[in-house]
S.K.: 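Can you keep this structure in mind? I'll have questions shortly.
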Amino acid sequence: MDEIFNLFVVHSQTDQLDTRLKAVKLVGDLFALPGSTIPETFQPILMEFLKRLTDRVVEVRMSVLNHIRVCLLSDPFRSEAPQIIGKDF
């Protein structure tokens with residue numbers, strides 16, 4: 001699990017826009033799957049994913065917002081919803 005987290009952090013913070021977008025898309029697609037829940041072991045990845053809302057490039061921020069929108073529209077009452085909605089960066 002630590003390796004996955006570290007890999008996502010490295011790829012989501014790289015200076016290469018294409019790599020950041022791919023990392024955000026991959027993790028966002030997983031979190032936005034209908035009926036999926038985010039186990040506690042993936043909470044650090046979720047928090048790092050949400051930090052991309054402050055990325056310096058608008059395309060990355062928009063990708064995160066789109067995945068959050070899909071995630072919450074598929075199940076607005078999912079257990080992570082308050083954490084996603086109330087996240088302070």
Side-chain angles (χ1 to χ4, degrees):
M1 182 61 204
D2 288 336
E3 289 180 40
I4 295 170
F5 176 70
N6 291 335
L7 191 60
F8 175 68
V9 170
V10 167
H11 283 87
S12 69
Q13 294 179 351
T14 183
D15 287 337
Q16 297 175 345
L17 175 59
D18 189 47
T19 303
R20 281 200 323 275
L21 282 170
K22 286 179 183 177
V24 164
K25 181 178 178 353
L26 175 64
V27 172
D29 286 347
L30 291 173
F31 289 154
L33 285 172
S36 70
T37 59
I38 302 169
E40 187 158 329
T41 54
F42 289 108
Q43 290 301 314
I45 295 175
L46 174 64
M47 292 299 101
E48 190 62 36
F49 174 76
L50 294 174
K51 286 180 185 177
R52 295 296 93 215
L53 286 169
T54 61
D55 195 276
R56 64 184 175 271
V57 177
V58 71
E59 289 91 352
V60 175
R61 295 190 308 263
M62 291 301 297
S63 180
V64 173
L65 284 172
N66 187 51
H67 284 96
I68 290 171
R69 181 184 60 83
V70 169
C71 176
L72 293 176
L73 286 175
S74 70
D75 182 6
F77 301 106
R78 63 188 301 153
S79 62
E80 303 85 17
Q83 188 177 11
I84 293 170
I85 295 169
K87 182 67 184 150
D88 292 325
F89 301 99

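Count residues from 1 along the sequence.
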S.K.: Check whether Thr14 reaches the backbone of His11 with its side chain - one donor and one acceptor, N or O, closer than 3.5 Å.
M.R.: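 No.
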
S.K.: Side chain to side chain contact (heavy atoms under 4.5 Å, CB included), that's the test. Do Val24 and Asp55 meet it? Break it down for me.
M.R.: CA-CA 11 Å; Val24 164; Asp55 195 276; over 6 Å; no

S.K.: Applying ring pair (Phe, Tyr, Trp, His ring centres under 6.0 Å), which residue pairs with at least one partner in residues 52-80 are found, sequence neighbours left out?
M.R.: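 Ring pair (Phe, Tyr, Trp, His ring centres under 6.0 Å) check on residues 52-80 returns no pairs.
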
S.K.: Report yes or no: do Val10 and Phe42 belong to one cluster of Ile/Leu/Val/Met/Phe/Trp/Tyr joined by side chain heavy-atom distances under 4.5 Å?
M.R.: no

S.K.: So, applying side chain to side chain contact (heavy atoms under 4.5 Å, CB included) with Ile68, which one of Asn66, Val64, Val70 is it?
M.R.: Val64

S.K.: One pair to check against side chain to side chain contact (heavy atoms under 4.5 Å, CB included): Asp75 and Glu80. What are the steps and the verdict?
M.R.: CA-CA 10 Å; Asp75 182 6; Glu80 303 85 17; over 6 Å; no

S.K.: What verdict does the side chain to side chain contact (heavy atoms under 4.5 Å, CB included) test give for Gln13 and Glu48, after you've listed the backbone C-alpha separation in whole Å, the side-chain angles of each residue and the deciding distance to 0.1 Å?
M.R.: CA-CA 10 Å; Gln13 294 179 351; Glu48 190 62 36; 2.9 Å; yes

S.K.: Identify the two heavy atoms, one from Ala32 and one from Ser74, that lie closest to each other, and give their separation to 0.1 Å.
M.R.: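 In this case the closest contact between Ala32 and Ser74 is O-OG, 4.4 Å.
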
S.K.: Report whether Leu17 and Leu53 are members of the same hydrophobic cluster (ILVMFWY, side-chain heavy atoms less than 4.5 Å apart, transitive linking).
M.R.: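 Yes, Leu17 connects to Leu53 through the hydrophobic network.
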
S.K.: Are Leu21 and Leu26 joined in one hydrophobic group, where the rule is that I, L, V, M, F, W and Y side chains link up if heavy atoms are under 4.5 Å apart?
M.R.: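 No, separate clusters.
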
S.K.: Leu7 and Ile45: same hydrophobic cluster, using ILVMFWY side-chain contacts below 4.5 Å?
M.R.: no

S.K.: Indicate the atoms forming the closest heavy-atom contact of Ala81 with Pro76, along with that distance.
M.R.: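 Between these two residues, the closest heavy atoms are CB-O, 3.5 Å.
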
S.K.: Got Gln16 and Lys22 here, is their nearest side-chain heavy-atom distance under 4.5 Å?
M.R.: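 Counting from C-beta outward, Gln16 and Lys22 never come under 4.5 Å.
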
S.K.: Linking I/L/V/M/F/W/Y whenever their side-chain heavy atoms sit closer than 4.5 Å, directly or via other members, would Val9 and Leu30 fall into one cluster?
M.R.: no

S.K.: Tell me whether the rings of Phe49 and Phe31 are parallel (<30°), tilted (30 to 60°) or perpendicular (>60°).
M.R.: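 Phe49 and Phe31: perpendicular rings.
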
S.K.: Please lay out, stage by stage, how Gln83 and Leu46 fare under the test side chain to side chain contact (heavy atoms under 4.5 Å, CB included).
M.R.: CA-CA 10 Å; Gln83 188 177 11; Leu46 174 64; 4.0 Å; yes

